[in-house]
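Accompanying notes for the structure given below.
First the proteins, then the strands, lettered A, B, ... as listed; each starts at 1. None of the values given here were measured: they were computed from a predicted structure.
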Amino acid sequence: MTIRLYDTATREVRDFVPLEEGKASLYVCGLTVQSEPHVGHVRSGVNFDVLQRWLRFRGYDVTFIRNITDIDDKILAKSAEQGRPWYNLAYAMKIELDRAYSALNVAAPTYEPAATGHTPEMIVMIEELIARGHAYPAADASGDVYFDVRSWPSYGELTHQGIDDMEPAADADPRGKRDPRDFALWKGRKESEPETASWPSPWGRGRPGWHIECSAMAGKYLGPAFDIHGGGVDLRFPHHENEQAQSRAAGGAFASYWMHNAWITTAGEKMSKSLGNTLSIPSVLQRVRGVELRYYMAAAHYRSHVEFSFEALEEAAAGYRRIESFLERAAAALGDDVPLGVPCADFVTAMDDDLGTPAALAALFEVTREGNKLLAGDDLTALRGSAGSVRAMLDILGLDPADPAWAASGATTDTEERLTAAVDVLVAGLLDERTQARADKDWARADAIRDRIKSAGIEVTDTPDGPTWTVN
RNA sequence: GGUGGGUUGGCCGAGAGGCGAGGCAACGGACUGCAAAUCCGUGUACACGGGUUCAAAUCCCGUACCCACCUCCA
């Protein structure tokens with residue numbers, strides 16, 4: 001059985017055949033660090049993290065490059081508005097993004113290059129394109145360099161569009177373009193822009209066009225040909241189309257497979273960056289834990305559009321807690337931590353089929369139910385098998401509750417620990433009284449004590465090993 | 001104008017010619033002093049109209065509505 005992936009370029013699910021046996025090279029377009037990340041922004045991070053984990057589980061040696069764009073029009077505009085240097089804004093938002101990723105257990109890629117660190121590579125590539133007749137410096141004095149789409153016959157192949165069917169951008173400044181669809185490889189510095197936002201080039205000081213950075217960085221770290229290129233659906237055109245055109249026009253084969261994750265929207269609309277911070281990662285994490293948010297995102301197929309709602313998020317969290325509590329009870333029954341086991345066959349089949357996480361989770365729930373039944377019996381070997389399998393499947397999805405990543409994000413402070421210990425002592429006294437009452441079959445008194453504890457926001461649960469308490 | 005995606009039960013969300021994925025919620029039962037958790041059970045869902053077929057949520061034709069992209073959106 002091989003991994004099969006949906007390839008946007010061919011519009012079909014194809015067997016994954018890497019360029020080099022046993023290795024997988026992956027480039028994902030990361031974010032433009034211009035504002036605080038919201039739930040929509042991090043979906044690709046989660047989805048491609050799952051892909052990366054699955055490739056690794058299937059034995060591939062994965063090289064995973066995910067860039068960040070740290071210079072662009074919006075960064076310049078926002079930093080000017082906020083009265084701070086553009087690089088300070090970009091850096092601060094980059095730190096926020098890292099926090100969001102780590103709160104969601106999105107593993108660090110092999111390397112995370114930034115656009116501003118790669119202007120020499122871009123310049124070399126642009127020169128190559130000019131030499132091959134696929135690019136030209138603008139005829140005006142702007143210092144811009146454009147890609148000549150008419151010079152590249154297969155332009156439009158990724159998104160299956162003909163150049164003449166494309167609507168020329170109504171608002172685009174034609175500047176020195178030969179064709180309105182030509183796109184900027186290099187943007188000459190404008191007087192209004194800060195000197196620090198420009199780099200030397202053969203065409204004068206300027207800054208990267210958006211698309212060239214990814215071509216240059218993918219080429220640098222993965223070579224002229226690599227296996228998978230990913231990103232959000234919105235990037236198919238123009239970004240990915242242009243990346244492919246310029247990379248191929250410069251002589252590289254570029255990506256063999258193109259994968260695109262769908263959007264998370266609210267109220268049917270895309271999550272605009274101007275929406276405010278109600279859906280920023282820190283604010284959502286006040287409602288649910290990071291692992292629960294990740295579960296919510298992993299539970300839908302990556303190519304399916306998700307309509308975000310807190311109701312659906314809470315429901316998903318309830319489902320995750322069921323799996324989690326099984327693992328906790330299994331660990332208690334086994335008297336030990338549950339070791340990572342083997343995913344069940346249905347899970348593997350589902351994941352191989354274009355990362356079918358919904359079907360994979362269905363399989364995971366089947367094993368969880370079996371495990372819950374075993375919990376009632378005394379076959380510890382079977383229980384260990386089920387629990388280990390559940391843990392292994394969660395681990396592949398980046399959802400293993402025992403992953404230290406979660407502990408880091410939910411770290412308890414010393415004060416909290418001391419408070420917990422203090423409450424435990426106080427509640428323990430009451431619970432002793434209640435246990436005595438229960439032994440005396442004085443149910444009224446037992447319930448009264450439980451109600452009293454509950455009025456303090458603490459839930460008491462009776463188990464065969466005695467009562468336990470949790471904060472509501 | 002071009003390109004692509006969607007409409008599934010109370011809710012979320014898979015599937016892609018025949019057998020009701022799964023989760024959440026609800027209801028019934030078992031267990032429990034009562035709860036909680038767990039297990040067992042309960043559903044005649046596929047936007048609308050035609051068509052093909054022994055058989056259609058799934059294929060074809062048409063219609064409606066929604067969404068994305070069309071040169072610096074995740």
For this session: For C66(B) versus U71(B), give the span between their C1' atoms, rounded off to a whole number of Å.
Result: 26 Å
Exercise. Once you round it to whole Å, what is the distance between P of C73(B) and CD1 of I75(A)?
Worked result: 11 Å
For this session: Mind checking K441(A) for me? I need base, sugar-phosphate or nothing, with any heavy atom below 4.0 Å counting as a touch.
Result: nothing
Exercise. Which part of the nucleic acid, if any, lies within contact of L375(A), taking any heavy atom under 4.0 Å across all strands shown: a base, the sugar-phosphate backbone alone, or nothing?
Worked result: nothing
Exercise. Ignoring hydrogens and angles, are the base of C34(B) and the side chain of D462(A) linked by a donor-acceptor pair under 3.5 Å?
Worked result: yes
For this session: For E366(A), report the nucleic acid contact type (base, sugar-phosphate, nothing); a contact means any heavy atom under 4.0 Å.
Result: sugar-phosphate
Exercise. Is the centre of the H240(A) ring less than 6.0 Å from the centre of the H260(A) ring?
Worked result: yes
Problem set entry | Partner of R303(A) by side-chain hydrogen bond (donor to acceptor under 3.5 Å, both in side chains), out of D354(A), N261(A), N47(A) | D354(A)
Problem set entry | Phosphate contact (C70(B) OP1 or OP2) by R181(A) side-chain N/O below 4.0 Å | no
For this session: Confirm from the modelled atom types if D447(A) and G33(B) form a donor-acceptor pair under 3.5 Å, side chain to base only.
Result: yes
Exercise. Ring centroid separation for W263(A) and H305(A), is it under 6.0 angstrom?
Worked result: no
For this session: Send over the distance from N261(A) CG to G4(B) P, rounded to a whole Å.
Result: 20 Å
Problem set entry | Sugar-phosphate only, base, or nothing, as touched by Y155(A) at under 4.0 Å among non-hydrogen atoms | base
Problem set entry | Separation between the C1' atoms of G5(B) and U44(B), rounded to whole Å | 30 Å
For this session: Would you classify F365(A) as touching base, sugar-phosphate or nothing, given that sugar-phosphate means primed atoms plus P, OP1 and OP2, and contacts are heavy atoms under 4.0 Å?
Result: sugar-phosphate
Problem set entry | Sugar-phosphate, base or nothing in reach of N242(A), heavy atoms under 4.0 Å | base
For this session: Output the single nucleotide from U71(B), C39(B), A14(B) whose closest atom is nearest the side chain of P358(A).
Result: A14(B)
Exercise. Looking only at N and O atoms, is any donor in the side chain of R450(A) or the base of C34(B) less than 3.5 Å from an acceptor on the other one?
Worked result: yes
Seminar exercise, completed: Of H301(A) and E314(A), the one whose closest nucleotide on RNA chain B sits nearer the 5' end is H301(A)
Problem set entry | Check: R434(A) side chain, G33(B) base, donor-acceptor under 3.5 Å | yes
For this session: Look at the rings of W54(A) and F347(A) and say which category their plane angle falls in: under 30° parallel, 30 to 60° tilted, over 60° perpendicular.
Result: perpendicular
Problem set entry | Gap in Å between the two C1' atoms, one belonging to C12(B) and one to G4(B), rounded | 25 Å
For this session: Using a heavy-atom cut-off of under 4.0 Å over every strand shown, decide if R438(A) touches base, sugar-phosphate, or nothing.
Result: base
For this session: Taking the side chain as every heavy atom from C-beta outward, state whether Y136(A) and K177(A) have any atom pair closer than 4.5 Å.
Result: yes
For this session: Measure up the F183(A) and F147(A) rings against each other and bin them: parallel (under 30°), tilted (30 to 60°), perpendicular (over 60°).
Result: parallel
For this session: Could you work out the separation of C60(B) and G23(B) based on their P atoms and round it to a whole Å?
Result: 32 Å
Problem set entry | Salt-bridge contact D49(A)-R294(A) (side-chain N to carboxylate O under 4.0 Å) | yes
Exercise. Across the strands shown, which category fits R43(A) at heavy-atom distances under 4.0 angstrom: base, sugar-phosphate, nothing?
Worked result: nothing
Seminar exercise, completed: Comparing R329(A) with A316(A), nearest RNA chain B nucleotide closer to 5' gives the residue A316(A)
For this session: Between C73(B) and G10(B), how far apart are the C1' atoms? Round to whole Å, please.
Result: 35 Å
Exercise. Side-chain donor or acceptor of Y146(A) under 3.5 Å from a matching atom on the base of U71(B)?
Worked result: no
Exercise. If you check the K373(A) side chain, which of U71(B), C73(B), C40(B) turns out closest?
Worked result: C40(B)
Problem set entry | Atom-to-atom span, CZ of R322(A) to C1' of A25(B) - whole angstrom | 13 Å
Exercise. If you measure from the P atom in C54(B) to the same atom in G43(B), how many Å do you get, rounded?
Worked result: 31 Å
Problem set entry | Sugar-phosphate, base or nothing in reach of S304(A), heavy atoms under 4.0 Å | sugar-phosphate
For this session: Determine the Euclidean distance between corresponding C1' atoms of A45(B) and U58(B); express it in Å to zero decimal places.
Result: 14 Å
Exercise. Do E96(A) and R99(A) sit within salt-bridge range, that is, some charged N less than 4.0 Å from a carboxylate O?
Worked result: yes
For this session: Indicate yes or no: does D72(A) engage R207(A) in a salt bridge with an N to O separation below 4.0 Å.
Result: no
Seminar exercise, completed: Atom CD of E328(A) and atom P of U38(B) are separated, to the nearest Å, by 12 Å
Exercise. Out of C40(B), A14(B), C73(B), which has the shortest distance to the side chain of R369(A)?
Worked result: C40(B)
Problem set entry | Separation of G2(B) P from D165(A) CG (nearest whole Å) | 8 Å
Exercise. Rounded to whole angstrom units, what separation is found between the CG atom of D72(A) and the C1' atom of U71(B)?
Worked result: 14 Å
Exercise. Under a 3.5 Å cutoff on both atom distances, Watson-Crick or G-U, what's the dot-bracket for RNA chain B ([ ] crossing, | other strand)?
Worked result: (((((((..(((.....[...))).(((((.......)))))....(((((..]....))))))))))))....
Problem set entry | Test log, rule ring-ring contact (aromatic ring centres under 6.0 Å, His included), inputs F64(A) and Y27(A) | CA-CA 6 Å; F64(A) 176 24; Y27(A) 185 92; 9.0 Å; no
For this session: Using a 4.0 Å heavy-atom cut-off across all strands, classify T461(A) as base, sugar-phosphate, or nothing.
Result: base
Exercise. Which listed nucleotide (G33(B), G4(B), C11(B)) is nearest to the side chain of W443(A)?
Worked result: G33(B)
Exercise. Of all the choices, U71(B), C69(B), G2(B), which nucleotide is nearest to the side chain of D234(A) once you look at every atom?
Worked result: C69(B)
Exercise. Taking the same atom, P, in G13(B) and in G50(B), what whole-Å distance lies between them?
Worked result: 30 Å
